[in-house]
Amino acid sequence: MHLSISELNLYAQRAAFAIGLPWGYGAAFGQALTRLAAFGHDPAPAAATALTNIASGEAGPIAVAHTDFVKQSHWTPVSQQVASAIWAGPLVNDWLALNAHIDSSLQIETIDLPLLLAAYLPSSLVTVEPGSTSLALANRDINVEHLTVVVKPGGNLTAPNRSKPRDGVEVNTRDWRVIEKFFTRCNIPTNASSRQWGAGAGCIDLG
Amino acid sequence: MGTAKETWPSKTWPQGIHLRPADQLMRLDRMGAAYPTRLSFSRALVRRMVKERWQFDRFLFDLDSDGFGKAVLTVITGRRTYSLVAFSHYLDAKQRTDRVIAEAWDATFNLFDGVPTDDDLIRLAANTPKQEAGRFTAKELVLARANKSMRLFDHVVTSLAKGKTPSLDLIGKVGYLMRTTAVYGNGKFGCSDRVRIADREEFRSAFQLEMLCVYLIRWFTIELVEHVARCRGGTTATGLNDEIKRYLGIGNATGLGMAPFLVSHPALLHRWVEAKEHALAEVLDRPIAPVLEQHQWTTLLQRAKHHLLEWHVDNILQQQRIDCVREELDRMAAWTEQHCPWQDHPWAALLHRAQSFSLEGQELTTALLLEIGGSYADTLADQLFIQHEQKQLDVTMTVGELLTLINTHYRWLKRIDFDTDNAHRFFWYYSQEKFEPRLGERTSMPGSDLEMPITIARDIHWLRIDLQRVEASRPLAHFLISRPHYRHVAERVQWVSQLEYGEIRDNLIGEGMRPIDLLRFKLAFFGASKFDPKSDLWTRIALFQGAPPPEQLTSPAADDWAFPLQPR
């Protein structure tokens, strides 16, 4: 199924909001999916899994306090077994910003979707190493779950990754329907009263 | 904090000439009094068509005698070809509605990138009539639909079929044969994202793609009505004369969906307003008015007055405003004749004179002054775009620094008392019914927990309160860990505080807020005229009324269509 990037962003943001994430996290989620698509991945499976993990309670936020933004940091999930990449992504970028120019390391335990997490980061500049505890961005065949990600800053972090697939993206229809279902939770059921508050309400065409 | 600094063509302003401040301009009541100007998107498009000598062609016109079927109208810009693919359908009168929740229309359209193949036409025939329920590809740039004006369409067909000129009175009253009810661009329903075509010079400036689609739809409506008339009347039938063709625009029914755009694109909003103010400042800066410009001014005043005399609406408040502006124009004309200092900054003096007028009178005066603007204004009109809309949250900023930004750039929040229920009366949301944007009343309707994030004033107010509870030297990252709901709000403050005109300086969820003010502001930038508000939630307007149709683009007055007058 063909989608525009605008659609991908809109649906991702609102689907994330619908399951309890703040708008800023939803927006970052949309941008990460766009980057996944730019890498050549279909973003729908990762998005569907990430949203379902949160909605089902299987994945959740990371237990982070301000003292955890130091140069050697080790993050773990709050209470669930697995930390959600959607919750972790913006926080990892925040950690990177605070520790950009010093020798530093962040280890995150049991992230549900390391590839999705990697898509949040200024990916051309940050190395996430392959192996049993981390992941390489360049290797497009990797699809693993519940790994620990080690992030080490390097290079110029101020240049954002702006690449977007110009002709839209092809997504797996089955996974996209999962995202659509979460998206529609953001829309409010209609009734006769609410219909009166829409534009054109009471319109009789004399035009 | 990354924000692209977009620069204007070099201009320096002498002392005494200032851009009008955002506290004055970015208020809903003034935004809701906006008029189309020389910088409007539709004017910019037509100027480009004229300058670059775009060519138009009826590539395919496969309509039956009732006008049902398909058509492809092409435009060759010199660099590329674009096509309007049109499907015209029978529509039962009971199904005809302007609302987003409509399921069928008189005509449905795509603006296509290139010329569609037979396979493209088969694919589009299966999808375009479904509109939001269809799926589209990056070859489709815009998706749109329109309904006939029941008052005018049949009358024009019947008259032309009999070889007669249609009623000029009715043409004047309605002003269009068909009315678009949605024009979707930028990736909606799988259509092309803006990023795909943004580097094409003809589409770099704001909404040029959508304007081209509407211009072609307008041309289609004229071709359609003449075709049906010919089929009915045979050799007796006649066509519309040039004056009528030029006067007929495209109607539009605009609802709430347009409003959130202004909130979610502050960099663009700032760009548009700043451009207009720069264009105005250039005019005000002129020390004298040559005779030609004096004559142009008095002609414009006359024309604007007659245009206002032809503008009638059912909405009592808007009609009162129109009546007031008519009187103010008379006063302006009298002052011009008796007192205008043509040799001593006349345009600044005229604007100063208008400060005693109503807001509509002031904004109309601004629009008239911009008509005098000439090539500088036209140059700015081609630059109403943002190269890169960069926003990136800077979490290394301290709490104190963010608070300073709020206290400096959001002083206007102090006007609003958020402790009252009135300040939170409304919420904006999308309905499950075809995602129609709606306004809800917070105390009487469910769903406010799902409201759209355009509650800017309230959110920044709350952010300021919570920032004041935290040590000022702490980095923002620490503040946001335990308050993640402020992430997008903090980002907005950092971003928009650099954009003088980027924020609407009113409470968009408070008592007294009228969505129609947002709609009119944006529509004025489109070039829409004859605002005809049907409620506080939606309005009818006309686009391209007075603009030369394709066969008249080479006429000498091709760009002179501000304040169009009814044919006589």
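Chain identifiers are assigned alphabetically (A, B, ...) following the order of the sequence lines, protein sequences preceding nucleic acid strands; residue numbering begins at 1 within each chain. Heavy-atom basis, side chains included; hydrogens, waters and symmetry copies ignored.
Scanning both residues, Lys188(B) and Ser4(A), for their nearest heavy atoms gives N-OG, 4.4 Å. Between Arg135(B) and His2(A), the shortest heavy-atom distance links the atoms NH2-O, 2.6 Å. Looking at every heavy atom in both residues, Leu98(A) comes nearest to Ala477(B) through CD1-CB, 3.6 Å.
For chain A, the nearby part of Arg474(B) is the side chain; its heavy atoms alone come within less than 4.5 Å. No part of Pro515(B) comes within reach of chain A, as not one of its non-hydrogen atoms sits under 4.5 angstrom from that chain. Residue contact with chain A, scored on non-hydrogen atoms closer than 4.5 Å, is absent for Ser192(B). For Pro475(B), the part lying under 4.5 angstrom from a heavy atom of chain A is the side chain only. Using a 4.5 Å cut-off between heavy atoms, Ala65(A) contacts chain B through its backbone alone, with no side-chain atom that close. Contacts between Tyr486(B) and chain A at a heavy-atom distance below 4.5 Å are absent for every atom of the residue.
A distance-only check finds a donor-acceptor pair linking the side chain of Ser6(A) to the backbone of Asn186(B) [under 3.5 Å]. Using modelled atom types, no side-chain atom of Gln432(B) and backbone atom of Ile188(A) make a donor-acceptor pair closer than 3.5 Å.
Looking at His485(B), His488(B), Met452(B) one by one, the single match for side-chain contact (heavy atoms from CB on, under 4.5 Å) with Trp23(A) turns out to be His488(B).
When the heavy atoms of residues 179-186 of chain A are compared with those of chain B, the residues falling under 4.5 Å are Phe183(A), Thr184(A), Arg185(A), Cys186(A), listed by number.
Residue Asp314(B) places its CG atom among 12 or fewer non-hydrogen atoms of other residues, nucleotides or ligands, all under 6.0 Å distant.
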Problem set entry | Audit row: His478(B), Asp68(A), side-chain contact (heavy atoms from CB on, under 4.5 Å) steps and yes/no | CA-CA 9 Å; His478(B) 294 182; Asp68(A) 296 308; over 6 Å; no
For this session: Dump the intermediate steps for side-chain contact (heavy atoms from CB on, under 4.5 Å) on Phe17(A) and Leu450(B), then the final yes or no.
Result: CA-CA 8 Å; Phe17(A) 180 69; Leu450(B) 296 173; 4.1 Å; yes
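Ionic pairing of Lys139(B) and Asp167(A) is not present here: no N-O contact between side-chain nitrogen and carboxylate oxygen is shorter than 4.0 angstrom.
Contact tally against chain A (heavy-atom pairs below 4.5 Å) for Asn147(B), Thr137(B), Asp193(B): the top residue is Asp193(B).
If you take CG on Leu393(B) and CG on Asp94(A), they are separated by 6.5 Å, rounding to the nearest 0.5 Å.
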